[in-house]
Amino acid sequence: TRQPDVRIIEVAPRDGLQNLKQLVPLGVKVELIQRLAETGLKDIEATSFVSPKWVPQLADGHEVMQESLRFSKSQPGMGSLRFPVLAPNAKGLQRAHAAGVKEIVVFCSATEAFSKSNQNCTIDEAIAQARAVTKDALALGIMVRGVVSCIFSDPFTGPTAPSEVLRRVQQFIDMGCYEVGLGDTLGVGTPKDTQTLLEVLLRDIPADKLAGHFHDTYGQGVGNVYRAYEMGLRVFDSSVAGLGGCPYAPGAKGNVSTEDVVYTLEKAGINTGVDLDKLVKVGQWISEQLGIPYGSRVGAALASK
Ligand code: HMG
Ligand code: MG
């Protein structure tokens, strides 16, 4: 089997669930991660180590992580799974480390209003915490990825200047993040917006340091992934069944669905390493578990064939 041409980071267990009011049972979360792994996905954002007061849904991060690691160690062919988790502050890192985490995600907003809403601090304060966490994580042998939110627009104050995104991406790289995800938290950007932003970023940042994290509120997710791919990006965050959304970003909807991304890329001859038929079954299953309609366009089309 040939190596995948892209790395898809499946974010449903984290971004996909964090916004749901009804608490999802631990067993469903763990089964979701296992089923996703069985489709060929290698990178699965498992949970967050944020304040459980802020995101009650992910308060069971320790158990989710332990079960996922047990699965990875015990199942043939699953040893290379990676389970990045969000950890914005010292307490998050401490909890992640105690749960056996090998990769964390630090994050900030490119805009002040969302920073205040999501992390209760200024962007510079979030960056300072991320810097301290990154230093400590690297010393523990934990890899660190950065994510910058609101790359196109802030839910409270409107459009984001590309120069503000560049500044934060650069700070994450300088502090030691191996890669930085570009988060369209609101899912408002179009392929043209992606192009305009990447034209600015790629003057200073190599494409292999960047990843796309597109929400799909306006149905632009796949277009944004494809435009970013054409401009050299090879890493994309996406969510099975298009689950997702941030509780502190009013108006934000689900992530671009992994089924849609896999379909689009595979049709272009780009190997994702993911078994789409198996993935559609996971998408149907989790939608049933959550009692919601199946939200992937590709998934729904393939499921009804
Ligand atoms: P705060 O209330 O300002 O902080 O929250 P605090 O330091 O005063 O702590 C408050 C309480 O939380 C304290 O407990 C802390 O111990 C506890 P108390 O003394 O009241 O009992 N606490 C923690 N507990 C467990 N783990 C922790 C932790 N930290 C503090 N890590 C804070 C500040 C940053 C903690 C809070 O605002 C928070 O958790 N924010 C995260 C919200 C979040 O997870 N948002 C969604 C993820 S980001 C996203 O979705 C965007 C993304 O997908 C990209 C995109 O789409 O653009 C990544
Ligand atoms: Mg997100």
Side-chain angles (χ1 to χ4, degrees), residues 9-20 45-62 65 84-99 101 104-111 113-123 125-130 132-133 136-137 144-155 160 164-165 168-169 172 177 179-189 194 197 210-217 221 224 236-239 242-258:
I9 302 181
E10 170 59 51
V11 299
R14 193 277 302 171
D15 201 325
L17 302 184
Q18 69 184 9
N19 203 18
L20 299 177
E45 251 185 35
T47 186
S48 289
F49 291 93
V50 299
S51 167
K53 290 193 183 120
W54 283 64
V55 184
Q57 181 66 260
L58 303 182
D60 57 2
H62 185 86
M65 202 57 220
V85 300
L86 267 58
N89 56 17
K91 181 141 190 198
L93 174 61
Q94 183 203 319
R95 289 176 60 214
H97 183 54
V101 164
I104 61 163
V105 180
V106 292
F107 52 98
C108 79
S109 175
T111 59
F114 181 67
S115 180
K116 182 75 190 160
S117 171
N118 193 47
Q119 293 174 273
N120 198 27
C121 63
T122 66
I123 309 172
E125 286 164 352
I127 287 286
Q129 293 205 46
V133 166
D136 293 347
V144 187
R145 185 174 195 250
V147 177
V148 178
S149 290
C150 297
I151 56 165
F152 298 130
S153 188
D154 175 283
T160 308
E164 293 302 312
V165 181
R168 303 310 174 181
V169 168
F172 276 143
C177 295
E179 175 182 288
V180 182
L182 303 170
D184 181 9
T185 319
L186 296 184
V188 293
T194 293
L197 176 61
L210 297 173
H213 175 108
F214 299 107
H215 284 258
D216 204 27
T217 315
N224 286 325
F236 299 100
D237 298 2
S238 63
S239 178
L243 299 173
C246 178
Y248 299 102
K253 291 269 177 353
N255 294 79
V256 64
S257 102
T258 308

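As the structure lists them, so they are numbered: ligands from 1, and atoms in each ligand from 1. Here the structure is a predicted model, which is why all the values come from computation and not from measurement. Counting from 1, the numbers follow the sequence of the chain as shown.
At a cut-off of 3.5 Å, with distance as the only test, a side-chain donor of Asp154 or Thr111 sits close to an acceptor on the other residue.
Under the 4.5 Å side-chain criterion, counting only non-hydrogen atoms from C-beta, Leu86 is in contact with Glu45. Side-chain contact between Thr194 and Phe152 is present, with at least one heavy-atom pair separated by less than 4.5 Å. Side chains of Asp216 and Ser257 form no contact here, defined as non-hydrogen atoms less than 4.5 Å apart.
The pair Asp237-Arg14 does not meet the salt-bridge criterion, since no charged nitrogen lies less than 4.0 angstrom from a carboxylate oxygen.
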(request) Given side chain to side chain donor-acceptor pair (under 3.5 Å), test Thr258 with Ser238 step by step and report yes or no. (result) CA-CA 5 Å; Thr258 308; Ser238 63; 2.8 Å; yes
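His97 NE2: 12 or fewer foreign heavy atoms inside a 6.0 Å radius.
If you count the protein N, O or S atoms nearer to the Mg ion (ligand 2) than 2.8 Å, you get 3.
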For ligand 1, list every N/O pair with the protein closer than 3.5 Å, one pair per line with the distance.
| unit_1 | atom_1 | unit_2 | atom_2 | d |
| --- | --- | --- | --- | --- |
| ligand 1 | 2 (O) | Trp54 | NE1 | 3.3 |
| ligand 1 | 3 (O) | Asn120 | ND2 | 2.7 |
| ligand 1 | 12 (O) | Ser51 | OG | 3.2 |
| ligand 1 | 16 (O) | Lys91 | NZ | 3.1 |
| ligand 1 | 20 (O) | Lys53 | NZ | 2.6 |
| ligand 1 | 21 (O) | Lys53 | NZ | 2.9 |
| ligand 1 | 26 (N) | Val50 | O | 3.1 |
| ligand 1 | 26 (N) | Arg95 | NH1 | 2.8 |
| ligand 1 | 29 (N) | Asn89 | ND2 | 2.8 |
| ligand 1 | 31 (N) | Phe49 | O | 2.9 |
| ligand 1 | 31 (N) | Asn89 | OD1 | 2.9 |
| ligand 1 | 31 (N) | Gly92 | N | 3.2 |
| ligand 1 | 37 (O) | Asn118 | O | 3.4 |
| ligand 1 | 39 (O) | Ser51 | N | 3.0 |
| ligand 1 | 40 (N) | Asn118 | O | 3.0 |
| ligand 1 | 45 (N) | Asn118 | OD1 | 2.8 |
| ligand 1 | 50 (O) | Arg14 | NH1 | 3.1 |
| ligand 1 | 50 (O) | Gln18 | NE2 | 2.8 |
| ligand 1 | 53 (O) | Arg14 | NH1 | 3.3 |
| ligand 1 | 53 (O) | Arg14 | NH2 | 3.0 |
| ligand 1 | 53 (O) | Asp15 | OD2 | 2.9 |
| ligand 1 | 53 (O) | His213 | NE2 | 3.2 |
| ligand 1 | 56 (O) | His213 | NE2 | 3.0 |
| ligand 1 | 56 (O) | His215 | NE2 | 3.0 |
| ligand 1 | 57 (O) | Ser149 | OG | 2.8 |
| ligand 1 | 57 (O) | Thr185 | OG1 | 2.6 |

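Heavy-atom minimum distance, Tyr248 versus Ser117: O-OG, 2.8 Å.
When atom types are taken as modelled, the side chain of Ser149 and the backbone of Gly183 share no donor-acceptor pair closer than 3.5 angstrom.
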